[in-house]
2 protein chains.
Amino acid sequence: MPQRPVDRRSGESAARPRQARGAGKAAPATSKVRPGPGSPPAAADARERIFLAAERLFAERGFDGVSVRDIVEAAAVNLAAISYYFGSKSELLLAVFAVRAKELNRERNALLREAEARHGGDAPLEEILRALMGPPILWRDPASGKDTASRFIARALAEATPDLREILETDVSHLRGFLAALARALPHLPRPEVCWALHFATALPHQCTDTHLKRLKALSDDGCDTRDVAAVLDRAVAYAIGGIEALGAPRRGAGDAKT
Amino acid sequence: MPQRPVDRRSGESAARPRQARGAGKAAPATSKVRPGPGSPPAAADARERIFLAAERLFAERGFDGVSVRDIVEAAAVNLAAISYYFGSKSELLLAVFAVRAKELNRERNALLREAEARHGGDAPLEEILRALMGPPILWRDPASGKDTASRFIARALAEATPDLREILETDVSHLRGFLAALARALPHLPRPEVCWALHFATALPHQCTDTHLKRLKALSDDGCDTRDVAAVLDRAVAYAIGGIEALGAPRRGAGDAKT
DNA sequence: GGCGCTCTAAAACGAACGTTTGAACTTTCA
DNA sequence: TGAAAGTTCAAACGTTCGTTTTAGAGCGCC
């Protein structure tokens with residue numbers, strides 16, 4: 001018996017891949033992998049093919065709407081490969097989410113730091129919002145090569161599978177930098193109101209679901225160009241600026257201002 | 001043989017319920033049929049119990065995350081009852097969606113007509129937005145008895161199961177009245193921009209998912225009161241007004257203004 | 001009583017599910 | 001070259017899935 005790589009019931013011990021293997025590696029067979037129409041197969045190994053197929057299918061149909069057999073078929077690997085490389089279907093989901101969420105946050109924070117550097121420390125509101133909303137919106141462009149990732153993240157946020165729920169609800173550390181920047185850019189705004197501003201601004205980009213955009217096209221009799229992502233970003237940023245400034249004006253309720 | 005009510009392969013013919021039976025009890029006019037734990041079965045009939053259990057479970061876990069056995073257990077009916085009353089699991093989903101979407105649109109349109117009547121025909125921007133965003137936000141209050149319905153609709157919009165997709169993407173007739181009202185309230189705004197305004201305004205309320213709100217609470221160190229739905233609505237309306245006004249101001253891109 | 005009808009009950013259908021097995025194949029390296 | 005490690009494979013595991021079947025209460029009515 002060739003050493004089973006894992007025994008789920010007794011903790012991880014043996015040498016199962018799980019993480020990406022060592023540097024250079026032999027490509028295992030089948031070179032016409034074809035993930036989508038017109039994309040080059042590339043020399044992806046099994047683990048990567050599973051990762052990409054799962055990301056795309058989860059984004060399209062949700063976690064429960066995709067079976068591991070759907071994934072292995074799309075990835076052109078054997079059924080057991082998912083368990084071999086990722087342990088289980090839900091661990092696969094978490095693995096994809098971890099990678100993509102980290103990518104998104106890294107890019108957002110890099111843009112924020114650049115903006116702050118450009119302005120000697122304190123970035124103006126518009127640039128903060130552009131750093132926050134830019135990546136998820138601009139990734140939608142197929143030319144960016146990240147549109148699947150963008151869709152996956154939107155789906156993960158909307159679906160909030162139990163595994164993801166805890167992460168989503170408690171881990172907000174990646175937004176702390178934006179909260180601080182916003183607070184500096186909006187010194188007149190009470191702290192809770194700054195949080196609401198951040199909430200609205202983070203939520204908005206993920207509304208640009210295919211379903212919602214098709215809806216918008218139908219509603220406007222095709223008068224809205226939903227594919228010009230740069231224009232969509234401009235609009236979203238302008239909208240958020242106007243909205244946030246309005247949050248500062250007194251409203252009927254008034255309450256909520258502890259800080 | 002007791003006359004099978006349906007033969008799926010030969011078109012509907014026999015007398016299976018499918019729609020609400022007798023005159024009196026048309027819609028599942030929920031009196032207070034208990035969402036929470038520890039509630040008595042009540043005298044709701046089987047069809048209504050299925051309807052309510054399915055709505056709640058779909059809202060919590062999504063369509064594919066719920067089995068018909070989960071539903072019949074929660075509704076305390078026999079397994080065959082779903083097929084008997086609704087035909088299939090997906091028809092059950094569509095039935096729930098049809099009822100709740102109609103309710104939502106009816107309430108939205110009633111509020112809009114009231115606002116228009118108050119102002120002799122043309123409602124001001126704030127009242128249009130309040131009619132649009134009010135129902136989904138205010139329903140979140142458990143005291144309204146419609147929080148489950150609100151959650152269900154948000155989930156349906158986010159999940160967009162294939163069955164629902166076609167409806168969501170093509171049927172926008174219920175928004176036409178709001179589009180016209182917005183266009184009248186914003187005469188200076190190009191038509192596509194009015195559509196974008198409506199898009200942002202309809203999308204925003206559904207961001208108030210439990211997951212997102214818990215996130216907001218965590219981010220603000222509990223400084224944001226997410227349960228005061230009236231205050232949330234005020235904030236959302238103020239935000240939308242500010243955002244929409246900003247859409248009118250010139251931006252870098254400028255394009256898109258066909259009309 | 002017997003018929004027609006509505007509704008519920010228990011059991012079963014075949015298919016699909018996530019996961020595991022044990023052997024075979026390939027690569028690595030002393 | 002040979003054993004070990006890494007990887008792929010077909011087949012099967014037991015469970016759960018959505019749906020259907022068959023039977024029979026319960027009831028109003030000529």
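So you know, we letter chains A, B, ... as the sequences are listed, proteins then strands, and number each from 1.
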Practice task
Take the protein atom CZ of B:Phe86 and the nucleotide atom P of D:dG18, then report the distance between them rounded to whole Å.
Solution key: 15 Å

Exercise for the section: Provide, to the nearest angstrom, the distance between the CG atom belonging to A:Leu93 and the C1' atom belonging to C:dT19. Expected result: 17 Å

Exercise for the section: Applying side-chain contact (heavy atoms from CB on, under 4.5 Å), run through A:Glu48 and A:Asp45 and close with a yes or a no. Expected result: CA-CA 5 Å; A:Glu48 188 175 342; A:Asp45 68 353; 3.3 Å; yes

Handout entry: Ion pair check, B:Arg151 and B:Asp147, cut-off under 4.0 Å
Key = yes

Handout entry: Residues A:Glu103, A:Arg100: salt bridge by 4.0 Å N-O rule
Key = yes

Handout entry: Atom-pair distance (CD1 on B:Ile82; P on C:dA10), nearest Å
Key = 16 Å

Exercise for the section: Write down the distance between OH (B:Tyr84) and P (D:dT21), rounded to a whole number of angstrom. Expected result: 15 Å

Exercise for the section: For B:Phe58 and D:dG18, give me the distance from atom CZ to atom C1', rounded to whole Å. Expected result: 12 Å

Exercise for the section: Give a yes/no answer on whether the side chain of A:Tyr85 brings an N or O atom under 4.0 Å of OP1 or OP2 in D:dT8. Expected result: yes

Fill in the blank from the handout: Here the distance between atom P of D:dT16 and atom CG of A:Asp64, to the nearest Å, is 15 Å

Exercise for the section: Figure out the CD/P separation between B:Glu73 and D:dG18, and round it to whole Å. Expected result: 14 Å

Problem - Contact pattern, 5' to 3', of nucleotides 11-17 of chain C - B, S or - by protein heavy atom under 4.0 Å - result: BB----B

Handout entry: Min side-chain heavy-atom separation A:Ser220-B:Trp196 under 4.5 Å
Key = no

Exercise for the section: Tell me, yes or no, whether the heavy-atom count around A:Glu60 atom CD, taken from other residues, nucleotides or ligands under 6.0 Å, exceeds 12. Expected result: yes

Exercise for the section: State whether A:Asp70 and A:Arg61 are salt-bridged, where the test is any N-O pair (Lys NZ or Arg NE/NH1/NH2 against Asp/Glu carboxylate O) under 4.0 Å. Expected result: yes

Practice task
Among the candidates D:dT20, D:dT8, C:dT8, find the nucleotide nearest to the side-chain atoms of B:Ser83.
Solution key: D:dT20

